[in-house]
Amino acid sequence: MDVVSDAISTVRLGRPSSSRVRVSGSWCTRLAPYDGAGFHVVLEGGCWLLPDGGAPVSLGTGDAVLLPHGTGHVIADSPVDAVAVERAVPFERWLDGTVPRRPEAVSGEMAGEVAMVCGKYRLDRSRVHPLMAELPEVVHLPNRVGSHPELRSIIDLLGRELGGQQPGSCMAIPSLLDLFLIYVLRSWMAEGASGVWPGVLGDPVAAAALRALHSDPSAPWTNDRLATEAGVSRPTLARRFTALVGRPPMAYLTWWRLTLAATQLRDTADPLATIARRVGYGTPYALSHAFSREFGTSPGRYRAETAAGRTTAGRTTPRARGRHLAGGRPLSLPPREPLPLASAQAATEVPRRP
């Protein structure tokens, strides 16, 4: 896989949810903070998004907005004041068709209708890839003529699928939502977004090395072999990779292998020996030792905790119109942050036995 695909797949839990909402008049509704990522697409009309602690964002027809860290926010017909924000109607009432006007709404001609797609992605934030971690609180992609045609196509298809009972829609909608997330990330990077990882993936040396590591993480990689794959000398690879990514190539590989192991412990019942072979460790003991050192818990305990978290989420998650609205509790294992450049040091990888 590639970096963006891997960054998404390791944190995604289950299937995304979405609802098509149509409202008119004067309205204001709140979406609480969420252990995942929220998004909105305006299909008709316009509205405002007011993120907690952030500046209001005006949304027009065709605009897409992603809240990758699950920031709580309000959406409303206008940039409302603090009093209106406090009185905002919980979003779940939209799904019940009970979206009242604000008390201060003026009688007479009301604002035009607004049609939106609102949804959520369930994410496991215990091991977020730095590409996902550095996304801003709000990723706003305005609908400009000629910009991001692939994203515009996904938005059009999504609006049509959610607009009626089409044959196969239960398969089509989750797939379109997956594509929507990918194209939002691509569009964000293409717009010259600030941050480390757009630059990393735009650098030919670092990008080639990452592509090789993510394509075959279980291979017996060495700095020399990776430098050959990237087409540069070993010192050049070490210098450029560490400066851009924040840790040396073999340290990144160690972290990524353990992240993959954690994902497989969470998502499969495979024995530790099988997972160890898949991620490049020769024995279950070698993987267990590295895993405990990185995440502060053993693989067995981690698997038990994630299974308990899924059970709790399945018991308490509310549902509306048959669609999933909320996720489970966040796990307690933070990812290791990239090392500061001044302290980045070469790291050795646990060897894989032949």
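Remember, predicted model here, so these are calculated numbers, not experimental data. When reading the values below, keep in mind they use all heavy atoms of this one structure, side chains included, and skip hydrogens, waters and symmetry mates. The residues of the chain are indexed from 1 along the displayed sequence.
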Side-chain donor or acceptor of E134 paired with backbone N/O of V196 under 3.5 Å = yes
query = Do V138 and T71 have side-chain heavy atoms sitting under 4.5 Å apart?
reply = no
Nearest-0.5 Å distance that lies between atom CG in L43 and atom CG in D63 = 11.0 Å
task = Determine, step by step, whether E229 and R211 satisfy the salt bridge (Lys or Arg N to Asp or Glu O under 4.0 Å) criterion, reporting the C-alpha distance in whole Å, the side-chain angles of both residues, the deciding distance to 0.1 Å, and the verdict.
result = CA-CA 10 Å; E229 192 75 24; R211 190 161 49 247; over 6 Å; no
key: Intermediate values then yes/no, side chain to side chain contact (heavy atoms under 4.5 Å, CB included), D77 and V114   = CA-CA 9 Å; D77 66 295; V114 179; over 6 Å; no
message = Does the plane of the ring in F291 sit parallel, tilted or perpendicular to the ring in Y302? Use 30° and 60° as the thresholds.
response = perpendicular
task = Please name the pair of heavy atoms, one in R303 and one in T268, separated by the smallest distance, quoted to 0.1 Å.
result = NH2-O, 3.0 Å
request  = For residues P68 and W188, determine if any side-chain heavy atom of one lies less than 4.5 Å from a side-chain heavy atom of the other.
outcome  = no
task = Spell out, as yes or no, whether a donor-acceptor pair under 3.5 Å connects the side chain of W48 to the backbone of V74.
result = no
Where L151 and S187 come nearest, the two heavy atoms and their spacing = CD2-OG, 3.9 Å
request  = Of all the heavy-atom pairs spanning P217 and R257, show the shortest one and how long it is.
outcome  = O-NE, 2.7 Å
request  = Calculate, to the nearest 0.5 Å, the distance between atoms CZ and CZ belonging to R122 and R15 respectively.
outcome  = 12.5 Å
message = Do L226 and L213 make a side-chain contact, defined as non-hydrogen atoms from C-beta onward lying under 4.5 Å apart?
response = yes
ask   = Is a donor on one side and an acceptor on the other found under 3.5 Å between the side chain of T29 and the backbone of V89?
value = yes
request  = Please confirm whether the backbone N or O of D2 pairs with a side-chain atom of S5, one donor and one acceptor, at under 3.5 Å?
outcome  = no
request  = For R247 and Y252, indicate whether the former's side chain and the latter's backbone hold a donor-acceptor pair under 3.5 Å.
outcome  = no
request  = Starting at CZ of R160, measure out to CD1 of I155 and round the result to the nearest 0.5 Å.
outcome  = 12.5 Å
ask   = Under 6.0 Å from the CZ atom of R225, do we count more than 12 heavy atoms belonging to anything else shown?
value = yes
request  = Name the orientation class of the two ring planes belonging to W197 and H129 (parallel below 30°, tilted from 30 to 60°, perpendicular beyond 60°).
outcome  = perpendicular
request  = Indicate the atoms forming the closest heavy-atom contact of S175 with M171, along with that distance.
outcome  = OG-O, 3.1 Å
task = Please report the closest heavy-atom contact between V11 and V128, naming both atoms and the distance.
result = CG1-CA, 3.9 Å
ask   = Roughly how far, to the nearest 0.5 Å, is OG of S292 from CG of L287?
value = 9.0 Å
query = Is the shortest side-chain N to carboxylate O distance from R30 to D52 below 4.0 Å?
reply = yes
request  = Check step by step if ring-ring contact (aromatic ring centres under 6.0 Å, His included) holds for H73 and Y34.
outcome  = CA-CA 10 Å; H73 59 284; Y34 175 67; over 10 Å; no
query = What's the spacing between L177 CG and S18 OG if we round to 0.5 Å?
reply = 4.5 Å
ask   = Does the side chain of H40 come within less than 4.5 Å of V57's, by heavy atoms?
value = no
request  = Applying ring pair (Phe, Tyr, Trp, His ring centres under 6.0 Å), name anything that partners F39, two or more places apart in sequence or on another chain.
outcome  = Y121, F180
task = Sequence neighbours left out, what passes ring pair (Phe, Tyr, Trp, His ring centres under 6.0 Å) with H148? Give chain and number order.
result = none
key: Inter-residue atom distance I8.CD1 - D178.CG, 0.5 Å rounding   = 8.0 Å
Minimal non-hydrogen separation, T61 against N143, with atom names = O-ND2, 3.2 Å
request  = Side-chain contact test, heavy atoms from C-beta onward, threshold under 4.5 Å: evaluate it for L31 versus I75 and give yes or no.
outcome  = yes
message = Could you work out, with side chain to side chain donor-acceptor pair (under 3.5 Å) as the rule, every residue matching S233, not counting sequence neighbours?
response = T236
